[in-house]
Amino acid sequence: MSKRILPFWAVLMLLVSVAVAAAEPRPFRIDPGHSLVGFNVRHLFSHTSGRFKEFSGTIQVDEKNLAASSVEVTIQTASINTENERRDGDLRSANFFQADSFPTITFKSTKVVPGPEKTFLIYGDLDMHGVKKPVTLEATLMGIGEIGMMGRPPRTIAGFEAKLTLDRKDFGIVWNRVLDQGGTMLGDDVAITLQIEAAWMDPNAPPRPEMGQR
């Protein structure tokens with residue numbers, strides 16, 4: 001009798017260990033060529049939009065338990081782009097981001113709280129313009145799957161969207177101009193929009209061309 005039970009428990013323990021290993025977060029590297037870090041802010045009676053062109057980051061994804069996931073991102077401040085060279089130069093100056101003194105903007109998550117339908121909140125610390133403050137992103141997991149094209153080996157790709165609104169004055173970015181008619185030229189609230197594509201970083205895979213080149 002014991003000879004039959006022992007193999008059963010051995011198999012059961014093996015299955016449990018495999019399930020635990022499969023549930024561990026997997027690292028995904030953000031693909032800047034297929035992602036967007038964008039923003040918009042009120043200017044007079046409309047809004048001006050822009051983006052940061054250079055950024056990198058890693059997302060640890062646990063599909064079965066999103067609460068075990070995490071993210072770290074670094075943005076190059078000087079890569080700000082609003083399709084206007086004069087304005088971009090001003091944004092890099094001491095009037096705004098002071099890119100020479102604060103060359104990067106970083107975000108590191110501290111907690112992930114899952115919600116319905118693959119939505120979740122990402123709590124973390126945003127370090128910008130020499131000020132670090134907690135912020136919360138509203139995020140959605142758009143999907144994860146193996147993608148193969150043109151006969152190449154398939155890659156595991158993940159897609160995310162996220163947004164938050166912050167007060168730029170909280171980070172010491174306070175420049176504005178008072179209008180003759182009253183009010184100010186710029187709004188204080190800045191809406192951030194993230195559209196992220198990331199690829200699984202397989203430690204056993206051979207080197208591949210840099211992402212964003214295809």
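Position 1 is the first residue of the sequence; numbering continues from there.
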If we ignore hydrogens and angles and just use 3.5 Å, is the side chain of [X] paired with the main-chain N or O of [Y] as donor and acceptor?
X    : Y    : answer
R92  : T77  : no
S69  : D62  : yes
R26  : E63  : no
T110 : Y123 : yes
S109 : K111 : no
T104 : T106 : no
R29  : M201 : no
D188 : D167 : no
S35  : I196 : no
S101 : Q98  : no

Dump the intermediate steps for side-chain contact (heavy atoms from CB on, under 4.5 Å) on I30 and F55, then the final yes or no. CA-CA 9 Å; I30 294 175; F55 51 90; 4.0 Å; yes
Nearest 0.5 Å please: distance from the CZ atom of R87 over to the NE2 atom of H43. 7.5 Å
Taking atom CG of L164 and atom CD1 of I192, what is their separation to the nearest 0.5 Å? 5.5 Å
F160 and F120, any side-chain heavy atoms less than 4.5 Å apart: yes
Ring centres under 6.0 angstrom apart (H129, F102): yes
Under-4.0 Å salt bridge between D125 and K132: no
Where do D31 and E197 land on the side-chain contact (heavy atoms from CB on, under 4.5 Å) test, with the steps shown first? CA-CA 6 Å; D31 178 355; E197 181 176 302; 3.9 Å; yes
Just checking, any donor-acceptor pair under 3.5 angstrom between side chains of D88 and T82? yes
